[in-house]
Number of protein chains: 2
Amino acid sequence: MGIKERKSRHKEDLRKRILEAAKKLFVTAGYEATSIRKIAQEIEFSPTTIYLYYKDKSDIIYALHQEGFLMLRQDFQPLMQVESPFERLKAIGKCYLRFALAHPDFYEVMFIMKDPMKYLEVNCVEGEWEEGERVFDFLLQTIRDCQNAGYFSEMDTVEVAVQAWSSVHGLCSLHVSGHLKSMMEVVLKDNDQERMIERAFRVFVSYLELTK
Amino acid sequence: MGIKERKSRHKEDLRKRILEAAKKLFVTAGYEATSIRKIAQEIEFSPTTIYLYYKDKSDIIYALHQEGFLMLRQDFQPLMQVESPFERLKAIGKCYLRFALAHPDFYEVMFIMKDPMKYLEVNCVEGEWEEGERVFDFLLQTIRDCQNAGYFSEMDTVEVAVQAWSSVHGLCSLHVSGHLKSMMEVVLKDNDQERMIERAFRVFVSYLELTK
DNA sequence: TTGGAAAGGTTAACACTGTTCACTACTTTT
DNA sequence: AAAAGTAGTGAACAGTGTTAACCTTTCCAA
């Protein structure tokens, strides 16, 4: 049985190597440059070999999508220790923003591109987006804790969560797409996007503080 | 000179027909399906002819981007008559949301895709995004009016505007990409995205109201 | 031990994509 | 009438995702 195991280990290995190659191309050259043929070239295999390990390209993209959520959850991990609910909520927002600024390509595949969401719809029984759910649940629970601490009283938890997510995601999205940059070049002389994002986030936090 | 004019009129006409064909494909079949060859087929010309009227594909996409802003500005037009600044601000938000829900493809090309923004950077002297500027200026002025009416006191107008834009855009973006849908299927039984968007928007408005 | 099935991988091809080059016709100008 | 410019095209290049047919090599049972 040893040989068989070595084989299957080798197989799992190749599957991993494909994803590693895809990730490498993805982070160094962006989504556009991540083609099946280039991945194949990277691992020194034929392009068709990739189809023995992944159903199609969207399958690989979805794997990267999941990889990204793994990273984000690792970034979120320490925040669970933050005791003050509102401080935790702020920390989640900051952490989310930092992630988007640090890994714009991953952010795109995780929260902007349609393909991974379509992949879910097509390949699952019913669209169950587990990765997103876990992150959202953390936000949801934190907001519930905030409510117990006197914030967002009389408000619907889910609605508050969706709105908060939208606000921070909106900043990330406008940054990643380049719209924030264009906007700032036009209306301001200032060109420091990160600072603007920081400040807009503070504005949002100041609104939330008013609910107490 | 009559013949010459007729010719140049014909030429402008063909340029317009190309854009019309592109728009038709774009709204009926989406961005993916809008290829140079299909546009050519639609107007019954050779694909290469299109390059006599548009520099490249991104040129056409940018034309659609502008077209979209024309539509949005037309939607905004009546809102200028709203006297109460805060009511006007709310109306802008609602109008913006309605636009994104009604024309998701256009919204994508206007506020999500990178290509049109890159086109600006490459083809202009310095990235001057006039279409966006006009819309943003309207928002900016409205917020300034709100400040005169007691809202957002002691706050930076631009920061408030960027934050407001982000919040509403975030909702639109999550809707267009399908993330909001996936999220709702997972955490709620409710599946009415439009209603959720409406409610999240109300939450945001309730925050803004607290600043007075 | 040998025949056949299964596994792993590749080559060639299909149907697309954006884009360019060389080449027609035809019209205008000199 | 010759030269120059204009509008349009067919063929081709380089690239994409994807599939079908084919080859080895390995494994397993008769």
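Here is the naming used below: chain letters follow the sequence lines, and residue numbers restart at 1 for every chain. Keep in mind that what you see is a predicted model, and the values were worked out from it rather than measured.
A distance of 6.0 Å or more separates the ring centres of B/F99 and B/F69. Side-chain rings of A/Y96 and A/F111 approach one another, their centers coming within less than 6.0 Å. Between B/Y54 and B/Y62, the gap from one ring centroid to the other reaches at least 6.0 Å.
Between C/dG9 and A/Y53, a contact under 4.0 Å exists linking OP1 or OP2 to a side-chain N or O.
Side-chain contact, B/Y119 with B/D59: a donor N or O sits under 3.5 Å from an acceptor N or O. Checked by atom type, the side-chain pair A/D137/A/Q141 shows no donor-acceptor distance below 3.5 Å. Between the side chains of A/H65 and A/E131, not a single donor N or O lies within less than 3.5 Å of an accepting N or O.
For B/R17 and D/dA7, the CZ to C1' distance is 14 Å, given to the nearest whole Å. In this structure, CG of A/D59 is placed 14 Å from C1' of D/dG17, rounded to the nearest angstrom. Remark: C1' of C/dG8 and CD1 of A/I18 are 12 Å apart, rounded to the nearest angstrom. The separation between B/L14 atom CG and D/dA7 atom C1' is 10 Å, rounded to whole Å. Atom CG in A/L52 sits about 9 Å away from atom P in C/dT10, given to the nearest Å. Atom CD of B/E32 and atom P of D/dG17 are 12 Å apart (whole Å). Taking atom CD1 of B/I36 as the reference point, atom P of D/dG15 lies 19 Å away to the nearest angstrom. Rounded to a whole Å, the OH atom of B/Y54 is 14 Å from the P atom of C/dT19.
Between B/K16 and B/E20 there is no salt bridge, since none of the side-chain N atoms of the basic residue sits less than 4.0 Å from a carboxylate O of the acidic one. A salt bridge is absent between B/R17 and B/E42; no separation between the charged side-chain nitrogens and carboxylate oxygens falls under 4.0 Å. A salt bridge links A/K90 to A/E87: at least one charged side-chain nitrogen sits closer than 4.0 Å to a carboxylate oxygen.
B/F45 comes within 4.0 angstrom of the backbone, heavy atoms only, and of no base.
A/K57 contributes a side-chain N or O that, together with a main-chain N or O of A/T34, makes up a donor-acceptor pair within less than 3.5 Å.
Atom CZ of B/R144 sits in a crowded spot, with more than 12 heavy atoms from other residues, nucleotides or ligands closer than 6.0 Å.
Within residues 24-31 of chain B, no residue approaches DNA chain C, by heavy-atom distance under 4.0 Å.
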Show the distances under 3.5 angstrom between N or O atoms of the protein and N or O atoms of nucleotides 11-16 of chain C.
{"from": "C/dT11", "atom 1": "O4", "to": "A/T48", "atom 2": "OG1", "distance (Å)": "3.4"}

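An end-to-end axis angle of 30° holds for the helix from C/dT1-D/dA30 to C/dT30-D/dA1, taken from five base pairs per end and rounded to 10°.
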